Protein chains: 2
Amino acid sequence: MNIVETLSSIPLFLGLPENQLVELSRIVVDKRFKRGDIIFSEGDEGIGFYIVISGKIKIYKISPDGKEQILHILGAGEPFGEIALMGEQFYPAHAEAMDKSRIFFFPKVPFASLIKQNPSLALNMIAILFFRLHEFTVMIESLSLKDVPTRLADYLIYLSERNGGVSELKLDIPKTQLANLLGTIPETLSRIFAKMTKQGLIKTDGPNIKILDYHALKELSTAEKRLSDIGELF
Amino acid sequence: MNIVETLSSIPLFLGLPENQLVELSRIVVDKRFKRGDIIFSEGDEGIGFYIVISGKIKIYKISPDGKEQILHILGAGEPFGEIALMGEQFYPAHAEAMDKSRIFFFPKVPFASLIKQNPSLALNMIAILFFRLHEFTVMIESLSLKDVPTRLADYLIYLSERNGGVSELKLDIPKTQLANLLGTIPETLSRIFAKMTKQGLIKTDGPNIKILDYHALKELSTAEKRLSDIGELF
DNA sequence: ATATATCTTTGACTTAATTCAAAAGAGTTG
DNA sequence: CAACTCTTTTGAATTAAGTCAAAGATATAT
C-alpha cells in the first residue's frame, strides 16, 4: 500500500480530496519504533503530531516517585500529540511504543496551514477531539467516583461489548500496564482478579479471561454500593 | 450591550465577520438561571450548546451514592455542552448554575451548519477543545498521581498565579464545592486546611486565604514525596 | 536450551482518605 | 430576629488501596 492510499484510510483524513492527500504525503515522515521506544516526553517541544499506522502507543503521565498513569492506548489510525498544532506548546505527556510500531509524523507548520485551508480536515479534527474529551470525562469519573473493582468490571465489560458481547477475552496488554491504565498498581489488580475469580465472576488463564457471570459484573459496574452488597460480592 | 456586541466579545467567536455574528444573534436564546438551577442532566439529549455570559456554571458527574466530581467551573465567555454538536449525542455530565447566571443557548442544527461554513469558527473551536483536553489531562494526573494536600497546594498556587502572584486569595466557591472539584470530601479538605495552617503555610479566615510560605507550598506541589519529607511538612 | 529480564502473584503491614456523628458557624428569608 | 438551611469543623473508627518483600511464572534473546 502506498502512502496516499494509507493516508486515505485514516479517519482524520476521511473525505479529503486526492490532491490534499498527495499534499499530506509530501510532508509525512514514516517512522518505526520498537517496544519501549520513547516517541516524545512530557515537556518536549511539540514539533508536530503523529498517527499510528500499526502497533500500539501509550500516552502517559508519571509521578516524581515513578507511578504511571496511562491516559490512552492508541492503535492503528489514531492520532496523538495533536496539541503540538496549537501555538507554542509542549507535549503534556509521554508517548512510548508498547509494541513494534509504525507511525506517521506530520510536522507542525505545513500541517497547521493545511488544516486552515481545509474545512473538512478541521471538522474531522473537531470530531476526534470531542471523542477524546468524552473519553477523559469517563476516566475522571472512573478515578474519582469508582473503586478499583468497579473500574476493572467496567473495563472487562467494555472489552466484551467492543467485540460484540463475547465472553472470552484476551488482554492485549500486560496486567502491569492495565493497572497503570486503571489508575492502580499491579498488586492491587492481581488481588482483584483473584477475588473475582473466587466469586465465580470470571475465570483467568494468563491474559485470557472468561466472563462467567456477565450480569453480576455489570451490576458491579453500575450498581450503587451498599455495604451489604459489597460483603456479598467480595 | 446588544447581542451582537456581546457575541463579538466571546473567544469562540473571535475573528468572525459581522454578518456571521448577526447570523448567530438570530439563533441565540438568552437564558437566565439562579443558583442551584439545573441546566441539563447527564443523559439528556444534546439539543445545543451554551456560553456563559455572566455567573458561574459547574459541570459535574455524580456517583450512585451521591459523591460529586466537578469537571469544570465555567465563567464568562466559556462554552459548555459542545458535545451536543456531534451527531446524536447526549450530555455526558450535569450542568448547574452556582450563582445567578446569564447564559446564551445555541440550538444544535443551525450552529452546526454555521461551523461547517466558517473555517475560523471551526479553528476557534479546535483551540478551545485542545485547551479543555489539556485541563482534563491535568485533572487525571492530579486524581491519579497526587494526594489531596498536593492537589490543594496546586490549586492555591494556581489561584495565586492567575492573579499575578498575589498572596491573599479569596475562594469564590464554597469549600464544599472545592472539595468536589479536587476529588475529595469537605471533611478531608477541612483537615488539610487545618494542617497547612498549623504548619504556617497559610492562614485562613473563612473564604480568605493568605499564603504565608509560598515556597513551601510550591515544594509540596512539585516535590517528590519521601517519607521523611512528609513527616516534616505535616 | 539456558540465561535474562519482565510480569504476576501472595503475604504482612501501613496509611491516606472516607464514613459516621455531632456540633458550631454563617448566611438567608419571611 | 428567629427559624431554617447550608457550610464548616472536629473526633473516632473503618477501610480501600498502597508499600515492601519475596517467590513463581512467562517470555525473550543468544
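Below, chains carry the letters A, B, ... as their sequence lines are ordered, and counting in each starts from 1. Note that the coordinates shown come from a computational prediction; the quantities given were computed from them, not determined experimentally.
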_Plane angle bin for A:F80 and A:F40 - parallel if under 30°, tilted between 30 and 60°, otherwise perpendicular_ = tilted
*Would you kindly give the CG-to-C1' distance between A:D65 and D:dG18, to the nearest whole Å?*
11 Å
*Given atom CG of B:L152 and atom P of C:dA16, what is their separation to the nearest angstrom?*
16 Å
*Between C:dT18 atom P and A:L143 atom CG, what is the distance in whole Å?*
14 Å
*Check: A:Y60/A:Q69 side-chain N/O donor and acceptor closer than 3.5 Å*: no
*Please confirm whether A:H134 and B:F136 have ring centers closer than 6.0 angstrom.*
no
*Base, sugar-phosphate, or nothing: which does A:G183 touch, judged by heavy atoms less than 4.0 Å apart?*
sugar-phosphate
*Atom pair distance, as rounded to whole Å: NZ in B:K195 and C1' in D:dT8*: 17 Å
*Pi-cation contact, B:F193 with B:K175 (under 6.0 Å, within 45°)*: yes
*Identified ring pair (Phe, Tyr, Trp, His ring centres under 6.0 Å) counterpart of A:F49 within the set A:F105, A:F104, A:F106, A:Y91*: A:F106
*asked:* Between C1' on D:dA17 and NZ on A:K146, what's the gap in Å once rounded to a whole number?
replied: 18 Å
*By nearest nucleotide on DNA chain D, pick out whichever of A:V148 and A:P207 is the more 5' one.*
A:V148
*Can you tell me how far P of D:dC20 sits from NZ of A:K67, to the nearest Å?*
14 Å
*Using whole Å, report how far CD1 of B:I185 lies from C1' of D:dA16.*
13 Å
*For atom CD of A:E68 and atom C1' of D:dG18, their distance in whole Å*: 17 Å
*Is there a donor in the side chain of B:D65 and an acceptor in the side chain of B:S63, or the other way round, less than 3.5 Å apart?*
yes
*Going 5' to 3' along nucleotides 5-10 of chain C, which nucleotides have protein heavy atoms under 4.0 Å from the base (write B), which only from the sugar-phosphate (write S), and which from neither (write -)?*
-SSSBB
